[in-house]
Chemist: 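The structure that follows is given in the form of structure tokens.
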Amino acid sequence: MLRYLTSGESHGRELTAILEGMPAGLDIDAQAVNRDLARRQGGYGRGGRMKIETDRVEITSGVRWGKTTGAPIALVIRNKDWENWLEAMAVTIPDVLEDARMVTRPRPGHADLPGGMKYGHRDLRNILERSSARETAARVAVGAFAKRLLDAFGIRVFSWVTEIGGVRWSMKGKADAGAFFEAAEDSPVRCPDAGTSKKMTARIDKAKAAGDSLGGVFEVVITGVPPGLGSHVQWDRKLDARFALAMMSIQAIKGVEVGVGFRAGSLPGSKVHDEIFYGKTAAHGALWWPQSPAFYRKTNNAGGIEGGMSNGEPLVIRAVMKPIPTLYKPLRSVDIGSKEPFRASVERSDVCAVPAAAVVAEAVAAYETAAAFLDKFAGDSMKEISRNYRGYLEQVSAY
Ligand code: EPS
């Protein structure tokens, strides 16, 4: 069983994650983890904090001589900004406290007010420090380990942005995950289309000038997934249900779609379901793909999941991020101490973090895929899992 926990505050000493259940014998490349951490920090529309931080992972357990041992893997990412918060974020009461940086003004759309009421804090900093999307750096590090495991079995995870603040990329032609991903990597907003990228950055500039923030939509595609991850037999084993939970757990995500998604509500069944064919097929491109003849589809409206199970097609998951609630434009709120209304203004924030959220989504999707993969092909070492996987592929090929 794969599992992980994260801890850490936005301006505390560091973020920590513990990942347990990774098999022994997996090659680990800390630089690959750092590359993903840097990708999360990027994107047009990020604020001042990302100029302070250079996120780097420290692997403090579970890896020896470049390989996992099977023991829990502990990951640490230091907050450089912590040095500016030594007193305000101290674990013990500081001798000198010039500025506690107390927060009594809840931001509409943030965890501040419900969190304060729930935990009984009069200082909302105790809520915002943990609810901040800074936590996603730890999840990206965990996701990089999951990606490494999936990569060993030819499974790859991609992401790109399809909409920012109403500027939409309407994808033309057949989706080519590899090409879209390469183009997205070169775009300041992770949109594969250069023309749309320009319009998106202009939209972000406009929002910034108006003191506003923007949300958007991104897509995650996972290729090389064999049929049979997840299960139809119980609610919490359904693969799409697990993806929905994972996506919604990312800060500021308000909706998730799989495959054709919400458009399924307006199309008839004949235009939604992916017809099944059997025969000689062109190379599928996935490592697991059996020898021809085989079952295949010409469309992928299901987004690679039927009955809560992967069906062998690429997994396609989309999610929408709301505009960041920390915005320069004053919004009405009420001080929790004085109960007086005020208009919130902030010192520092991102205008748009949709490109970063797409990178985070890659990480959580990689984790869910790896967890489902290990559920099915369980083993304590890479050797054992490879053996289990090969045996299953023989069964699929002969079906
Ligand atoms: C973030 C770090 C935060 C914010 C952002 C995400 O840094 P700071 O609050 O010090 O500027 O930039 O978080 C939010 C906007 C939010 O509302 O939580 C990061 O590392 O991604």
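For ligands, and for the atoms within them, numbers begin at 1 and follow the listed sequence. Throughout, residue positions are numbered sequentially from 1 according to the sequence presented.
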Chemist: Of all the heavy-atom pairs spanning Phe145 and Leu75, show the shortest one and how long it is.
Modeler: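 Of all heavy-atom pairs spanning Phe145 and Leu75, the closest is CE1-CD2, 3.5 Å.
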
Chemist: What is the nearest protein non-hydrogen atom to atom 13 (O) of ligand 1, stated with its residue, atom name and distance?
Modeler: Ser132 OG, 3.6 Å

Chemist: Shortest non-hydrogen contact from Gln251 to Ser131?
Modeler: CG-O, 3.4 Å

Chemist: Against heavy atoms of Thr326, which atoms of ligand 1 measure under 4.0 Å?
Modeler: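 Near Thr326, meaning under 4.0 Å from one of its heavy atoms, ligand 1 has 17 (O).
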
Chemist: Identify the closest protein heavy atom to atom 17 (O) of ligand 1: which residue and atom is it, and at what distance?
Modeler: His110 NE2, 3.0 Å

Chemist: Provide, to 0.1 Å, the distance between atom 5 (C) of ligand 1 and the closest protein heavy atom, together with that atom's residue and name.
Modeler: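 For atom 5 (C) of ligand 1, the nearest protein heavy atom is Asp350 OD2, 3.6 Å.
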
Chemist: Looking at atom 15 (C) of ligand 1, what's its closest protein heavy atom, distance included?
Modeler: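 Answer, as residue, atom name and distance: Ile324 CG2, 3.7 Å.
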
Chemist: Is Leu150 linked to Tyr389 within one hydrophobic cluster, defined over Ile, Leu, Val, Met, Phe, Trp and Tyr using a side-chain heavy-atom separation of less than 4.5 Å?
Modeler: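 Yes, Leu150 connects to Tyr389 through the hydrophobic network.
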
Chemist: So which of Arg40, Gln41, Arg348 gets nearest to atom 11 (O) of ligand 1, if we judge by its closest heavy atom?
Modeler: Arg348

Chemist: State whether the shortest distance between N or O atoms of Arg46 and N or O atoms of ligand 1 falls below 3.5 angstrom.
Modeler: yes

Chemist: Between Leu149, Thr68, Leu2, which is the residue that forms a side chain to side chain contact (heavy atoms under 4.5 Å, CB included) with Pro23?
Modeler: Leu149

Chemist: Answer with yes or no after comparing the ring centroid distance for Phe158 and Phe180 against a 6.0 Å cut-off, counting only values under it.
Modeler: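 No.
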
Chemist: Any atom of ligand 1 sitting under 4.0 Å from a heavy atom of Gln251?
Modeler: no

Chemist: Tyr392 and Phe377: ring-ring contact (aromatic ring centres under 6.0 Å, His included), yes or no, with the steps?
Modeler: CA-CA 8 Å; Tyr392 175 68; Phe377 306 110; 5.3 Å; yes

Chemist: Between Thr136 and ligand 1, does any nitrogen or oxygen pair lie at a separation below 3.5 Å?
Modeler: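 No.
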
Chemist: So is there a nitrogen or oxygen of Pro325 less than 3.5 Å from a nitrogen or oxygen in ligand 1?
Modeler: no

